[in-house]
Participant: 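Here you go, one structure.
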Amino acid sequence: MTLPTTRVSFPGGAVTGESTVLAVHPLGDGRWGVVTAGTPFHPLDHTWPDQPADTGTLTVPGAAGAEAVELAVVDCLTGAVDPASGELLVGADIPVRRGDEAWSWLVLHVLPELAQGVSPESLVARPVTLSVDAERRTALSAAHTGCHLLALALNAALAARWRKDPGRADAFGNPDFDSLAMASSVMDTEASTDVYRLGKSLRKKGFTAEAVDELPALADALPVITADVNQRLAAWVAADAPVRIEVPGPELTARRRWHCELPAGSATIACGGTHLHRLGQLSSLETELILSADGTELTAVTRPKRA
Ligand SMILES: [Zn+2]
């Protein structure tokens, strides 16, 4: 099978689009993955599955006066075609990292079943209208934008806890606690949940969770750190900072970057997801920090409220 890498319009915020079906791939359990030349749908990333997939509909116009058929897209996955075998692999079965240039990278729109009278072959080469559930998309975008802002605010609030330069700084020059300690990051329509590991390797890089000199232990400082983070987040929301995605090319695998023009300067983070256009789309953004009983794991649950 030879298929071109899918062109995507979700980074610019699109939720609808027209395209042509290139292939319909069986996913088992009666489900099908529809591949189109282009799409506004954001698929789950197999390498870093932080933002859940878009859902929505795929509408096939009726032939010769027949009614259009609307098919529910219940999930959206990443597929990749092995250049050696031509085999199409899906999600966790893909053995290479996203963007490997020898492979083709595909957005698979998952149909739970095919409507009566619709065969996979009959869909290929048909024009279709793709519509993303815009309400769900906006909620996921809000959580994803909140996730990146939390990273910057937390880095700033924890900057004093580094005894030496860990060699990685964020856009504002603060030690990048977020990327150095990140264990997992997951968004849903309500919040972003980021889990950080405070283990030996982070300590070796210079982070201190213990009380030293003027610095209280992290556990004791948590309320102050939380208030500090939330103050920064509130100020950024109040500033209605513009957000955009830098898109170097239309392909799913293009290396995109999130940009936010914050009062202190322009912040950028590598990102494959979707985002709000301005922070004024939020009425508030607040995080809750939870330290595990043994002190080895810090969890941030960051909730955006939309204006
Ligand atoms: Zn991101």
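Whatever order the structure lists ligands and atoms in, that order sets their numbers, starting from 1. For reference, positions follow the sequence shown, starting with 1.
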Participant: Specify whether an N/O/S atom of H148 falls short of 2.8 Å from the Zn ion (ligand 1).
Facilitator: yes
Participant: What angle, in degrees and rounded to 10°, do you get at the Zn ion (ligand 1) when you join it to SG of C271 and to NE2 of H144?
Facilitator: 100°
Participant: Look at the N, O or S atoms of C147, main chain and side chain alike, and state whether any lies under 2.8 Å from the Zn ion (ligand 1).
Facilitator: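 Checking C147: none of its N, O or S atoms is under 2.8 Å.
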Participant: Checking side-chain polar atoms at under 3.5 Å, does D178 have a donor or acceptor matched by the opposite partner on N155?
Facilitator: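 Result is no, nothing qualifies.
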Participant: In terms of the angle between their ring planes, are F10 and H42 parallel, tilted or perpendicular, with boundaries placed at 30° and 60°?
Facilitator: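 Perpendicular, since the angle between the ring planes exceeds 60°.
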Participant: Whether D45 and R98 form a salt bridge (side-chain N of Lys/Arg under 4.0 Å from carboxylate O of Asp/Glu) is what I want to check.
Facilitator: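 Salt bridge between R98 and D45, a charged N being under 4.0 Å from a carboxylate O: yes.
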Participant: Considering only NZ, NE, NH1 and NH2 on the basic side and carboxylate oxygens on the acidic side, decide whether D133 and R137 come within less than 4.0 Å.
Facilitator: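 Salt bridge flag = no for R137 with D133.
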